[in-house]
Amino acid sequence: MGDNQIFSDELLHRLRSSRSLTVLTGAGVSAESGVPTFRGKDGLWRKFNPQELATMDVFMRDPQLVWEWYEYRRRLIQDVQPNPAHYALSDLEDKFDEFLLVTQNIDGLHQRAGSRKIAELHGNIWRDRCLRCDRVYDHKEVDLGEIPPKCACGGSLRPDVVWFGEALPQEILSQAFQAAQSCDFLLTVGTSALVQPAASLPLLALRNGAFVVEINPEPTPISERVNESIRGKAGEVLPRLVKRQYFTTDDHGPAQKNREQ
Ligand code: BJW
Ligand code: ZN
């Protein structure tokens with residue numbers, strides 16, 4: 001399929017004339033790196049449904065189980081690489097006066113691909129936090145001799161991520177709302193758009209007059225409401241969009257940034 005058929009003239013025109021771009025990403029962006037999504041068919045870990053493990057209730061009942069799940073995911077993430085979708089988004093960052101990459105992902109792959117203007121809504125798997133005093137640790141410095149590991153204050157550590165029923169980090173959330181509210185163009189990529197409050201960001205942008213485009217191989221609850229819903233994989237669609245918009249010939253590679261090789 002030629003790029004002209006994927007991207008409408010209106011989409012390309014609106015993107016070209018936009019001063020500010022906000023991007024919302026979800027687990028689908030890391031799928032092509034080999035990181036399983038939450039609600040996909042490959043989503044099972046042992047006999048557990050991942051979305052049911054991400055709660056304080058399960059952690060309180062069985063901290064070992066939850067720590068084991070996060071250790072398993074850390075090992076997995078550590079061994080994978082950012083994919084063309086992550087790199088395409090990092091190339092977009094300096095093409096706009098205002099840009100914010102709002103991610104629900106906790107894997108740190110956007111950073112490894114060179115993105116810098118990031119709002120991590122659901123925390124980061126490479127940090128741990130004390131349940132008693134809130135002190136935050138770099139996971140690599142945590143002694144895993146005892147599970148759950150302990151803080152210097154004696155409290156138990158948990159992954160510094162946001163579970164169901166927990167508030168999102170206040171400042172990061174307001175930064176994300178502000179960006180969704182004031183942008184000219186919003187791209188929502190690889191998210192099922194089921195989990196709040198992240199799922200309301202594209203709708204907020206729409207209400208404020210932004211052009212909203214979704215990239216996902218499957219339809220979502222917001223597909224019918226956005227301006228355009230492109231059914232495709234992030235790692236295929238995003239690099240083509242960046243190339244179509246900013247590079248006219250095949251001779252140009254994406255702009256090189258300080259990315260990990
Ligand atoms: C591809 C692809 C490819 C595949 N290319 N695409 C109404 C209003 C407000 C809140 C609620 C509400 N109803 C219920 C709630 C509560 C709840 C919620 O939203 N529940 C819904 C399930 C109904 N929300 C919360 O609890 C949030 N907190 C909250 O509301 O607090 C209120 C409060 C305020 C003040 C004080 C106290 C409380 C917190 C939500 C936290 C979510 N946490 C998790 C775990 C993070 C840690 C971890 O990773 O372990 O975040 S759950 C999980 O879902 C994870 C994800 O970030 C999040 C979203 O999932 P995502 O990214 O969309 O992934 P999938 O798997 O769902 O979808 C992947 C998509 O990719 C699919 O569509 C595929 O088709 C696509 N795809 N391959 C592009 N190659
Ligand atoms: Zn502590």
Side-chain angles (χ1 to χ4, degrees), residues 23-45 48-59 66-67 69-74 76-77 83-86 88-89 102-109 120-137 142 148-170 173 187-203 214-223 229-239:
V23 183
L24 172 67
T25 65
V29 164
S30 297
E32 289 159 83
S33 293
V35 182
T37 59
F38 288 88
R39 295 167 187 84
K41 48 187 180 316
D42 305 322
L44 279 190
W45 176 72
F48 301 99
N49 190 339
Q51 55 185 322
E52 287 160 10
L53 285 168
T55 72
M56 185 52 121
D57 276 359
V58 183
F59 185 77
V66 175
W67 263 97
W69 180 47
Y70 280 95
E71 272 305 290
Y72 159 80
R73 291 172 63 201
R74 286 186 192 102
L76 204 132
I77 291 163
N83 68 56
H86 296 106
L89 290 175
V102 181
T103 187
Q104 299 168 82
N105 300 343
I106 59 163
D107 55 26
L109 288 176
E120 290 182 313
L121 288 181
H122 294 162
N124 192 296
I125 198 167
W126 299 108
R127 292 190 309 256
D128 299 319
R129 181 158 46 86
C130 176
L131 281 177
R132 189 186 290 171
C133 75
D134 265 349
R135 179 167 163 186
V136 173
Y137 289 83
V142 167
K150 292 285 178 288
C151 174
C153 82
S156 293
L157 297 185
R158 57 166 284 178
D160 191 18
V161 298
V162 181
W163 288 328
F164 284 115
E166 295 185 324
L168 277 66
Q170 186 52 50
L173 185 61
L187 266 175
T188 170
V189 193
T191 174
S192 57
L194 291 170
V195 175
Q196 296 293 351
S200 65
L201 294 170
L203 303 178
E214 172 180 68
I215 300 173
N216 196 314
E218 305 290 336
T220 76
I222 64 166
S223 298
S229 185
I230 300 175
R231 293 287 147 74
K233 293 184 172 181
E236 291 168 10
V237 177
L238 279 172

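Remember, predicted model here, so these are calculated numbers, not experimental data. Each ligand, and each atom within it, is numbered from 1 in the order the structure gives.
Without hydrogens or angle criteria, R132 side chain to R135 main chain gives no donor-acceptor distance under 3.5 Å. Checking side-chain atoms of D134 against main-chain N and O of R129 turns up no donor-acceptor pair under 3.5 Å. Listed for the N216 side chain is a donor-acceptor partner under 3.5 Å among the backbone atoms of T191. Side chain of N83 to main chain of A85: a donor-acceptor pair is present (N/O by atom type, distance under 3.5 Å, no hydrogens or angles). With hydrogens and angles ignored, the 3.5 Å screen pairs no side-chain donor or acceptor of E214 with any backbone N or O of T188. Looking only at distances, no side-chain donor or acceptor of E236 sits under 3.5 Å from a matching main-chain atom of K233.
Minimum heavy-atom separation, L89 to V23: CD2-CG1, 3.8 Å.
Salt bridge annotation for D128-R74: present, with a cationic side-chain nitrogen under 4.0 angstrom from a carboxylate oxygen.
Around the Zn ion (ligand 2), the protein contributes the following N, O or S atoms at distances under 2.8 Å: C130 SG, C133 SG, C151 SG, C153 SG.
Protein neighbours of ligand 1 below 4.0 Å, counting non-hydrogen atoms: G26, A27, G28, A31, E32, T37, F38, R39, A54, W69, Y70, R73, Q104, I106, H122, V161, V162, W163, F164, G165, E166, A167, L168, G190, T191, S192, L194, V195, Q196, N216, P217, E218, K233, A234.
Aromatic ring orientation, F38 versus W69: perpendicular (interplanar angle above 60°, classes split at 30° and 60°).
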